[in-house]
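To find a chain, count down the sequence lines: A is the first, B the second, and so on, and within it residues start at 1. The structure displayed is predicted, hence computed values, not measured ones.
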Amino acid sequence: MISWLLILLPLLGSIVIIVSPGRLARQLALVTSLVVFGVSVAAAVVFDGWGRGTWDFSSSIEWVKEWGLVLQVGADSVSLILVLLTTFLMPLAILGSFNAIQTRRREYYGWLLGLQAAMTGVFLARDLVLFYVCFEFTLVPMFFIIAIWGSKNRARASVKFLIYTFTGSLITLAAFLTLAWSHAQANGGQWSFEIAALSHHAASALSLNEQAWLLLALMIGFGVKVPLFPVHTWLPLAHTEAPTAGSVILAGVLLKLGTYGLYRFVLPMCPEAVVEWAPFVAVLSIIGILYAALICWVQTDVKKLIAYSSVSHLGFCVLGLFALNPMGVEGSILYMINHGLSTGALFFLIGMMYERYHTREMGELGGLARTMPIWATFMVFFVLASVGLPGLNGFVSEFLCLIAAFTAGETGAYPGVLGPWYAAIAALGMVLAAMYLLIMVGKVVFGPTRASMKHDEHSGLPVDLTVREITVLVPLAIGCVVLGIQPDLVIDNTATAVADTLAVYQDLFEDRVAGTAAFVESAFQGGAR
Amino acid sequence: MIDKLWFLVPELILFGGVVVVAILGLVQSNRLRGWVPWTTALFILAAGAASPFIYCDEAMGSSGLLLPGLAGPACLIACIVAIGLLLLSIGRVDRGYETAIAQGRATFDPIRATGGEYHVFFLLSLAGLLLVSIADDLIWLFLALELASLPTYVMVAMSRGSIRAQEAAMKYFFLGAMSAALFLYGFALLYGATGTLVLTEMQAAFADQIARGELGMLGIVGMLLALLGIGFKLAAVPMHLYAADVYEGAAVHVTAFLGFIPKAAGVMAFMILLSTMGWAEGVGLPAPILIMLWVVSVLTMTLGNIAALLQKSVKRMLACSSIAHSGYLLIGIIAGPGAGFNAVMLYLLIYGIGNTASFAVLSSLQRGGVELESVEDLAGLRHKHPWSATAMAISAGSLLGFPPLLGFWGKLALFIAGIASGRLVLVLVAAINSAISAWYYLRLVGLPLMADRNERSDAVERIDSPWPRLTALVLAAMLIMLPIILGLLYAVTDISS
Amino acid sequence: VTAGVYLVARMYPFFLLAPESLHVVAWVGGLTALLAATIGMAQYDIKRIFAYSTVSQLGFMFLGLGVLTTYGAAYHVFTHAFFKAVLFLTCGAIMHGFAGQLDLRKISGLRRMKGWRIVSWTMFIGCLCLAGFPFTSGYFSKDAILAEAFVSQGPGFQVLGWMAIFTAFLTAYYTFRVWCRVCAGEVRCEPGDEHHGDDHGGDAHGGSFHPHAPGFAINIVLLLIAAGALLAAVPYFMGNEAEHVTGGWIADMVNDSTAASGLPGHPEHPGSVVEGVEAHHGSILGMDPHVAMYSISACVGGLGLLLAFWLHLWRRQDADRLRNWLLSRFWTRWIPVAMENKWYVDEFYHAFIRAPLWLLGHIFHAFDRYIIDGLLVDGTARVPRLLARCFRPLHNGMLQSYAVTMAGGAVLIALLMLLMLQFFTGGTAT
């Protein structure tokens, strides 16, 4: 019930906004999203799956019996955490758009809330078809948001975004259907799209070869979404052209749909193939990390820089997932949240600056620490969070992913198929991240003030941030600090669910690993306590 | 004989409608003439309402038809879509002439009026479609197919005064005649191969031949020619070339009609014919036929979609897209009875609604008294006609197959059927084709909703009659809402009983 | 700054899984320590000297980690935090007081100036600790690392150990070079060119510059931290249990270290011992085996200190003479030049790391834009359109052409069917 509420409330809000007068749209949207956030927090409070691998809030509606279509929703701890991220970011995104969006408000806020419904649906779906429908439907609102309220090159960006991701997920759909067919054959012709049943079937009944094809097809769909090198090129364009809130949601949640898909489908469905191909995926993600980081370095457009940094950061996330050990997967889940908070905040900040100066070129900006001290403080703070300053959120997750890749060798407490070299090379990405982000901060926040910089008097905004804008940023900053100090909030609560997902790998690795030295076990426990 | 007549009740209702409408269309009174479309609708509704009782399971069980379950769903689907097609033509047929009469600038002259004829042909073609679904021998099938097609040639010719309509009709007629010759020759060969015209006996003969491993070349070639010829009705490659020209030449309400009725007739004929040769005792189709269908399906969807990419005329674009949809439909036909045919029927309904919705939008608009031509005419439509723009976007999204719109579920059904019959490659090709089609469908979404207005589109206005507009809105709403009762739709279009 | 060490220490179990990486860490640490120390010797900017000393000490810490004494490394982090805080604070006080002047050639005799006594003596304490003067905190922590370098087995760890001892000598030298120059000697000062708001411009230029001494608060803080720096030696004398009292994180480190001692690569019976450096590894870390190291490092520390006093306090001209002597000879000229230019590390970094990476960034960006996005993505996207253009001539609007194409198409499809049939079934199914 509460799951349906989380999905349908924003949808309802969206419809109400579309039919209500335009001047009320902002307030209605904000209220709706706050209510949804309240509901999700309440759900988190009563949720009984924290620290356990169980599902809660489950509900199912029989739909088309012949195809086995049952609309099934529910939440385990990982889903619920990502739902919380979504519901947390959405009011901020709406609040952050108050000034930026002046045209066609009803549609804008309607689409935003529709997007939220779809994203929540993705995380809460326990049925493959429902998942796919929500997964695809996220494209539509984002398409409109970019295409209508985006900047100069918006038409190209939106079409590219939609067709690229649409193509990828169609391949994934074909794979899902093939899997469901295989499952139906094994079950005497009774179709089912229940994720758990299909995962179990795929992991146990498919041959290595079949799993490899399934892996490929799933990676095409989710890899585009993540985005993994070399299918990332829609992202810089879409990010750069999207309006601020669009970028925030895109970076904050939409990219996570890809990694969530990897976690929810790829890992449980094709374990043997994953073990076989994890090094390959890891290499792709490491290439992505370094490649995108170097590209960031030479960007002159601040927003594009942050966009490419997303490619780089999500590489860590994928690396952690494919380390195939609890530490890596937990780190990766934490990373999803952290990246949503810090990169979302960076997009907000750049949007706020852009509203005032109408430029994002580093060559035309400088010395904002003097003109906009509050903005500059937040900027430095979130850049540090993004760089992975210990004490802030990015650090823990990035490090967990790296350590996980490091230890995921043939032997060890948490075996996998990666190894120290993967981590060592990926760690260069951290160094590069620090460099390009700090160089950017150096130029924009400090540095000399440029003559070309003109604060736009007509923007209706004061020189420094308004109370509304600060209200947008403060919760994100709090989130960064809280998760920096208490990453256990995420890690401990999802540990069992992750362990359940990875149980199949433990079995697989038992064959590979001769024996695990006890002292390493103890050493690890001593070190990572 | 009597029970055969019993099965003809819906068709007879339609024929009755033909008589009534033909007379009504010649009445001097403007008011009574205004009743023509509504009378037509009444008869269509009556036929549709009768079908569940006529084609009930007990009756069909002893009907001796090859696909006994086909008739009921076919009748329902045809009638539902036909109502939409009819509504979008209200106020379109004889528009200038009727307006002139209403304003007293002209007097009614039965020779000049075409309103009654249009509706007569409409009903006849629809009756032809229904007859296809209950065809039990080859002659019947041929006649039914021609009954479905022949009126459309005339409808194209008289749809508007433009010379292009005449040209389109000529092309349509000659190529249609050629295709009819082709499949009639195929029928002859089939007769030669089996010695019977009755479809059930033919099925037994082929099953016997296959069981003995001596399915002759005669039968194969006959089937091949028959399928290629009927492919014209579907606008399947290589018989698709006429589609763009004819669709463009015809008036928009006739184009909408062409996009559905002949196609549905062709698809049903495909199912019936193929059932004689394949799937007996779980064997599947003979390899040559399977390969041919496979190739035709791939070529049809691919060529249709890529041709649509280049089109500047909105009607040509939709024409090409309807070619592509025939390609998708062939997936279900390849998949065979059961899931495959059910998916085909479901897809027909869903495609029919989506296609009709998009043409209804076009039908509700005009620019300087003539139809919209270029896609650019739709640019910035939302400024003056937000609802029409929205309906256009929704129908394009549904035709594209974007979840959660109705079109997606149709495609999903086809994909499921295709995969369940082991045609994964075909489904992948279809998936890639869907992605290609996104390009031009997105233009139909983006131009009305996002683009700025230009000089051409500034002059776009609504036509007087509200009905096309309303049809568009209702159908668009159906595209959004119907997925909720997907189970019901599935049950309605289930022909496997 | 020391976060890096902390990280490595935290990740210790994972490094342990790959002992080779620890050797790398040790060597990198040792070389960093040496290099930074030599750079520190030749700089004139006080703050920069202390910065390089930090780098050098970090090198020590990494060395400690590399040779498997997390305890030593962590302890050094701990002590270093105290005395480096003292040094940088005094440095800041001087910088403030002398209007940004940090050149050690321009300031002298600070301890005799009014109000600067506390600064100069706390600096002295800091220097003592940094130099590893016997019984200061730095002495014990550094010893722990140095001794362990000899104890552990690894490629060239003996050399590394002696290198570290030499570095310790250099450390003592350059720290007291600063103190002797700045705090001792004749009273002399030249103000910097940074004017503070409360300075009178005329005064600064007129030669009657009055350095303003640090306030009471700063002095108190300095004293407190200096005391802390001295007291940081205390944990060293506590037993194992007592060490747990000093803070959870040191205890953790010790636990790590204990775990580490069980490692296969670790010497249970350290064999080679150089010059009587005793190397038996006790159950309680860092107590007994370092006796020899006490004396050695005390000696080198003292030596370095003496050298500094000689060259920079008693006979300052000798230092310049030494420099000139080195410069005048072709074979030795590179030593001071390289040292003063920080071994060209910055230039090296720029030429071999930064510039190539920057170039690579541009190449990747172009690659991303034109090859991946332009060629692969947009190129693929253009394929359907190109195909469509190929088929366009078929839609020419001519009835006859349509009829021919349809008939031809039918024949083509029939042929294709036969061909594929041949291909799939070998032509058996007819």
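- Of the inter-residue distances, the one linking A:F176 atom CZ with B:L412 atom CG reads 12.5 Å to the nearest 0.5 angstrom.
- No other option in A:A180, A:C134, A:A118, A:A174 has as many heavy-atom pairs under 4.5 Å with chain B as A:A174.
- Heavy atoms of B:A413 lying under 4.5 Å from chain A belong to its backbone as well as its side chain.
- Contact count against chain A (heavy-atom pairs under 4.5 Å) is highest for B:L486 among B:L486, B:V427, B:V445.
- For B:F341, the ring pair (Phe, Tyr, Trp, His ring centres under 6.0 Å) criterion is met by B:W279, not counting sequence neighbours.
- Side chains of B:F402 and A:L162 form a contact here, defined as non-hydrogen atoms less than 4.5 Å apart.
- Heavy-atom distances place the side chain of B:L424, and not its backbone, under 4.5 Å from chain A.
- To the nearest 0.5 angstrom, B:I484 atom CD1 is 10.5 Å from A:L71 atom CG.
- Contact check for A:F137 versus B:P404: side-chain heavy atoms found under the 4.5 Å cut-off.
- Note that CD1 of A:I163 and CD1 of B:I436 are 10.0 Å apart. Values are rounded to the nearest 0.5 Å.
- Interface remark: of the candidates B:L488, B:L405, B:L489, B:L442, B:L442 forms the most heavy-atom pairs closer than 4.5 Å to chain A.
- To the nearest 0.5 Å, atoms CG (A:L173) and CD1 (B:I416) are separated by 8.5 Å.
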Please tabulate, one pair per line, the N or O donor-acceptor pairs under 3.5 Å between chain B and chain A.
| from | atom 1 | to | atom 2 | distance (Å) |
| --- | --- | --- | --- | --- |
| B:A420 | O | A:W181 | NE1 | 3.3 |
| B:L449 | O | A:R104 | NH1 | 3.2 |
| B:L449 | O | A:R104 | NH2 | 2.8 |
| B:P483 | O | A:W63 | NE1 | 3.2 |
| B:I484 | O | A:W63 | NE1 | 3.2 |

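- Looking at A:F135, there are no atoms closer than 4.5 Å to chain B (heavy atoms on both sides), in backbone or side chain.
- The part of A:F166 that comes within reach of chain B is its side chain, from C-beta onward, which places non-hydrogen atoms under 4.5 angstrom from that chain.
- In this structure, chain A has a heavy atom under 4.5 Å from the side chain of B:L428, while its backbone stays farther away.
- For the atom pair CG (A:L170) and CD1 (B:I432), the distance works out to 9.0 Å, reported to the nearest 0.5 Å.
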